[in-house]
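Single-structure report; data block below.
Atoms considered below: every heavy atom in the structure, side chains included; atoms not considered: hydrogens, waters and symmetry mates. Numbers restart at 1 for each chain; the letters A, B, ... are given by sequence-line order, proteins then strands.
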Amino acid sequence: MSRYTDAIIAWYDANARDLPWRADDATPWGVLVSEIMLQQTPVARVLPVWHAWLERWPTPAALAAEPSGEAVRAWGRLGYPRRALRLHESARAIVDRHGGEVPSSHADLLALPGIGSYTAAAVASFAFGQRHAVLDTNVRRVLSRLVSGEEYPPKAPTKAETRLAESLVPAAAPTAARWAVAVMELGALVCTARSPRCADCPVLDGCRWHRDGRPAHTGPPRRAQTYAGTDRQCRGRLLAVLRDADGPVGKPALDVVWSDAVQRERALDALVADGLVDPLDDGRYALPGG
DNA sequence: GAATCGTGGTT
DNA sequence: TAACCAAGATT
């Protein structure tokens with residue numbers, strides 16, 4: 001238990017957003033779906049898709065009964081559509097291996113496709129009230145500033161960060177679960193990446209970064225995430241054609257969305273290899289029917 | 001460890 | 001306006 005815990009939990013109780021996957025009637029499945037959708041994707045864009053998804057597929061079994069292409073289509077423009085494919089695979093694994101109930105153990109969650117250490121800990125904590133260190137980008141940033149005095153954490157999570165996060169987890173599981181969601185929310189609403197609202201911070205007095213005068217990030221630039229002209233953009237265009245079509249489409253319908261034929265073929269092949277696109281025997285293409 | 005994988009809002 | 005960034009996982 002750290003000196004931050006009580007203050008951050010109290011702040012959360014007064015300032016938490018009213019998100020549907022935090023509601024009392026949210027199911028573990030709803031929490032799991034939210035966590036997958038929220039990977040690298042802002043809350044505002046997830047909300048409408050999450051509602052539609054849970055209404056259509058209120059249980060893992062409901063999703064497992066459909067072809068994977070339906071999941072890809074319902075994913076819409078959330079991005080990283082392989083997540084939709086893996087969520088669908090997870091639904092079938094949950095039916096096959098866990099009787100249709102989202103497993104509660106960290107190890108069982110981690111074994112599901114598309115679920116890594118963060119998501120496994122998040123679901124175990126948020127849906128089942130367990131005690132885990134939940135270390136996402138928000139928490140990494142908060143701890144980096146609060147404890148290390150650095151504006152940003154390292155590019156990739158380190159063992160030191162994991163140890164630090166684990167050292168701060170309250171002993172009692174229910175408190176640990178509240179801490180996990182609270183410190184994440186603090187990072188999302190106050191200790192933000194670009195313009196942190198330090199005036200609203202409940203642990204400003206204990207923040208090393210603030211005490212040191214909020215020194216700017218030193219070291220290499222954090223990212224140079226270009227997108228225009230990349231294979232990713234090309235893949236997005238191709239898949240959008242299939243998502244927006246009622247059924248299979250011919251090759252010409254795909255060809256028109258990207259002029260560079262070499263890149264286009266490479267991207268299409270990759271989509272097929274990923275299982276996001278089915279090449280049909282008649283030469284047309286469709287969302288996966290499995 | 002580094003590269004790859006979408007999309008759109010914010011600054 | 002180009003750059004940054006958003007509850008990561010996989011290879």
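OP1 or OP2 of C:dC5 sits under 4.0 Å from a side-chain N or O of A:Tyr152. Phosphate proximity of C:dA7 to A:Thr41: absent, as no side-chain N or O sits under 4.0 Å from OP1 or OP2. Distances shown here put every side-chain N or O of A:Tyr80 at or beyond 4.0 Å from the OP1 or OP2 atom of C:dA9. One finds no side-chain N or O of A:Arg77 lying less than 4.0 angstrom from the OP1 or OP2 phosphate oxygen of B:dG6. Distances shown here put every side-chain N or O of A:Arg266 at or beyond 4.0 Å from the OP1 or OP2 atom of B:dT4. Phosphate contact (OP1/OP2 of C:dG8, side-chain N/O of A:Gln40, threshold under 4.0 Å): present.
Atom-to-atom, NE2 of A:His88 to C1' of C:dA9 comes out at 19 Å; the value is rounded to the nearest Å. The interatomic distance linking A:Asp244 (CG) with B:dT7 (P) rounds to 11 Å, in whole Å. Atoms CH2 (A:Trp75) and P (B:dT7) sit 12 Å apart, rounded to a whole Å. With rounding to whole Å, A:His217 atom NE2 is found 17 Å from C:dA3 atom P.
Across all strands, A:Leu78 comes closer than 4.0 Å to base atoms (heavy-atom distances). Using a 4.0 Å heavy-atom criterion, one finds that A:Ser195 contacts no nucleic acid atom at all. Residue A:Arg140 is out of contact with every strand shown, counting any heavy-atom pair closer than 4.0 Å. Heavy atoms of A:Arg86 sit under 4.0 angstrom from primed sugar atoms or phosphate atoms, though from no base atom. Using a 4.0 Å heavy-atom distance criterion, A:Gly79 is classed as a base contact.
The residues A:Glu166 and A:Arg131 are annotated as not salt-bridged, no charged nitrogen and carboxylate oxygen being separated by less than 4.0 angstrom. Between A:Arg197 and A:Asp200 there is a salt bridge, since a side-chain N of the basic residue sits under 4.0 Å from a carboxylate O of the acidic one. Salt bridge status for A:Arg208 with A:Asp212: present, with a side-chain N to carboxylate O gap under 4.0 Å. The residues A:Asp108 and A:Arg97 are annotated as not salt-bridged, no charged nitrogen and carboxylate oxygen being separated by less than 4.0 angstrom.
B:dT11 and C:dA7: their P atoms are spaced 14 Å apart (whole Å). Only the C1' atoms considered, B:dG1 is 12 Å distant from C:dT11, to the nearest whole Å.
The side chain of A:Thr119 sits closest to C:dA9 out of C:dA9, B:dC5, B:dT7. Among the nucleotides C:dA7, C:dA9, B:dT7, the one closest to the side chain of A:Tyr227 is B:dT7. Here C:dA6 is the nucleotide among B:dT4, C:dA7, C:dA6 with the atom lying nearest to any side-chain atom of A:Ala193.
Donor-acceptor pairing under 3.5 Å, judged by distance alone, is present between the side chain of A:Arg194 and the base of C:dC4. Between the side chain of A:Arg232 and the base of B:dT4, no donor-acceptor pair of N or O atoms lies under 3.5 Å.
Listed by residue number, the members of residues 9-21 of chain A with any heavy atom below 4.0 angstrom from DNA chain B form an empty set.
By the salt bridge (charged side-chain N to carboxylate O under 4.0 Å, His left out) test, A:Glu265 pairs with A:Lys251, sequence neighbours left out. Residues forming a ring pair (Phe, Tyr, Trp, His ring centres under 6.0 Å) with A:His210 (at least two apart in sequence, or on another chain): none.
Residue A:Thr162 holds its OG1 atom at 8.5 Å from CZ of A:Arg140, rounded to the nearest 0.5 Å.
Stacking of A:Arg17 on the aromatic ring of A:Tyr12 is not recorded, the 6.0 Å distance cut-off and the 45° axial limit not both being met.
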